[in-house]
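Report on the following structure.
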Amino acid sequence: MLAERIADKKLLRLIRKWLNAGILDPSGKVINPATGTTQCGTFSPILANVYLHYALDLWFEKIVRPSCRGRAKIIRYADDFVCSFQYRQEAANFYQVLGRRLAKFKLTLAAEKTRILRFSRFQVDGESFEFLGFEYRWGKNRKGNPQVWFTTAKKKLKAAIANFTVWIKKARNGGNLQIFKTLKLKYQGYWNYYGVIGNARRLEAFYFTTIGILYKWLNRRRQRRSYNWSSFKEALIRYQIPGPKIIEKWAA
């Protein structure tokens with residue numbers, strides 16, 4: 001696939017070496033993968049995108065969509081994708097052949113993440129699905145019109161809180177300046193990604209839960225408590241810790 005666009009044989013050889021590169025595990029043993037790219041390798045996402053461009057994207061655009069009577073669309077990010085079809089039967093037909101198509105490229109579907117559902121403005125408060133850390137469902141806006149709402153997926157929210165707890169347990173004995181500096185970055189990054197319209201409740205759930213965890217573990221550093229609630233709130237203001245914020249703007 002790469003050779004169709006890249007003529008430099010030295011570069012192609014370098015990529016092959018990267019694919020065959022061993023993995024050094026914690027025990028010092030080198031593991032040579034038989035297939036695929038190295039897990040968490042910096043080059044892996046690029047190769048995965050190129051591979052799925054040929055294995056999935058082009059096939060969908062050139063074969064699947066032209067054969068459909070209604071509208072069809074694919075939305076893919078890395079190895080996660082959602083396909084939408086106007087007619088249920090065409091979605092069912094695609095579902096039947098998708099596994100065989102990917103098998104040609106020695107890929108398999110994650111069965112627990114693969115399903116067919118009806119997602120329509122004519123079925124408000126119906127089925128929902130998760131994609132890229134969000135839960136998508138149809139609802140109604142303030143005017144009573146159907147609108148797609150997306151909120152932080154419950155699993156992602158739970159995992160983010162768990163990761164926050166692990167972090168503060170390890171970092172609590174460091175200096176306050178470094179702790180609050182990192183905390184500010186963590187919150188700002190979270191609001192930047194999940195701060196979408198309609199997600200305020202899940203943002204607040206993450207913020208107030210993690211603030212409580214932070215207060216708890218900062219007061220466990222020594223026998224004497226470091227903060228009461230009043231001094232803790234003053235520290236949040238002093239270090240400019242950002243609260244829950246919707247970053248997304250309404251489209252004109």
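As the structure is a computational prediction, the values presented were derived from the model and not from experiment.
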Does the [X] side chain pair with the main chain of [Y], one donor and one acceptor, at a distance under 3.5 Å?
X	Y	result
Arg121	Pro146	no
Thr210	Tyr207	yes
Glu135	Thr151	no
Asn199	Ile246	no
Tyr190	Phe206	no
Glu90	Arg69	yes
Trp138	Gly126	no
Arg101	Ala55	yes
Ser226	Leu218	yes
Glu248	Val196	no

In this structure, would [X] and [Y] fall into the same cluster of hydrophobic residues linked by side-chain contacts under 4.5 Å?
X	Y	answer
Ile116	Leu98	no
Ile213	Phe208	yes
Trp149	Trp191	yes
Ile168	Trp229	yes

Would the number of heavy atoms belonging to other residues, nucleotides or ligands and lying under 6.0 Å from [atom1] of [X] be above 12?
X	atom1	value
Lys156	NZ	no
Arg5	CZ	no
Arg201	CZ	no

>> List the residues meeting side-chain contact (heavy atoms from CB on, under 4.5 Å) with Lys245, not counting sequence neighbours, and say none if there are none.
In response: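 Lys245 satisfies side-chain contact (heavy atoms from CB on, under 4.5 Å) with Ile247 once adjacent residues are dropped.
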> In chain order, what residues pass the side-chain contact (heavy atoms from CB on, under 4.5 Å) check against Lys106, with sequence neighbours excluded?
Replying inline: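 Partners of Lys106 under the side-chain contact (heavy atoms from CB on, under 4.5 Å) test: none.
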Is the [X]-[Y] ring centre distance short of 6.0 angstrom?
X	Y	value
Phe119	Tyr136	no
Phe60	Phe94	yes
Tyr194	Phe134	yes

>> For a side chain to side chain contact (heavy atoms under 4.5 Å, CB included) check, start with the C-alpha distance between Lys155 and Lys158, then their side-chain angles and the critical distance, and finish with the verdict.
In response: CA-CA 5 Å; Lys155 290 182 181 179; Lys158 186 177 180 180; 5.8 Å; no
>> Pair Leu56, Tyr51 - check side chain to side chain contact (heavy atoms under 4.5 Å, CB included), show working.
In response: CA-CA 8 Å; Leu56 184 62; Tyr51 199 65; over 6 Å; no
>> Go through it in stages, so that I can follow the logic: the residues are Tyr193 and Leu132, the test is side chain to side chain contact (heavy atoms under 4.5 Å, CB included), and I'd like the CA-CA distance, side-chain angles, deciding distance and then a yes or no.
In response: CA-CA 10 Å; Tyr193 188 79; Leu132 302 180; 3.6 Å; yes
> Is there a side chain to side chain contact (heavy atoms under 4.5 Å, CB included) between Leu236 and Phe232 once you walk through the steps?
Replying inline: CA-CA 6 Å; Leu236 295 178; Phe232 181 67; 3.9 Å; yes
> For Arg142, which residues count as a salt bridge (charged side-chain N to carboxylate O under 4.0 Å, His left out) partner, sequence neighbours excluded?
Replying inline: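 Once residues adjacent in sequence are excluded, Arg142 has no partner under the salt bridge (charged side-chain N to carboxylate O under 4.0 Å, His left out) criterion.
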> Taking only residues two or more places apart in sequence or in another chain, which ones pass salt bridge (charged side-chain N to carboxylate O under 4.0 Å, His left out) with Arg172?
Replying inline: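 Salt bridge (charged side-chain N to carboxylate O under 4.0 Å, His left out) check on Arg172 returns nothing, list empty.
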Enumerate donor-acceptor pairs with a distance under 3.5 Å from any side-chain N or O in residues 174-185 to protein atoms, sequence neighbours excluded.
{"from": "Asn176", "atom 1": "OD1", "to": "Arg221", "atom 2": "NH1", "distance (Å)": "2.8"}
{"from": "Asn176", "atom 1": "OD1", "to": "Arg221", "atom 2": "NH2", "distance (Å)": "3.2"}
{"from": "Asn176", "atom 1": "ND2", "to": "Tyr227", "atom 2": "OH", "distance (Å)": "3.0"}
{"from": "Gln178", "atom 1": "NE2", "to": "Thr182", "atom 2": "OG1", "distance (Å)": "3.1"}
{"from": "Thr182", "atom 1": "OG1", "to": "Gln178", "atom 2": "O", "distance (Å)": "3.0"}
{"from": "Lys184", "atom 1": "NZ", "to": "Gln240", "atom 2": "OE1", "distance (Å)": "3.4"}

> Which pair of non-hydrogen atoms, one from Ala110 and one from Thr114, has the smallest distance, and what is that distance?
Replying inline: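 What the structure gives for the nearest pair is O-OG1, 2.7 Å.
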> Could you give all pairs that pass the salt bridge (Lys or Arg N to Asp or Glu O under 4.0 Å) test and reach residues 43-57, with sequence neighbours left out?
Replying inline: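 For residues 43-57: Asp57-Arg76.
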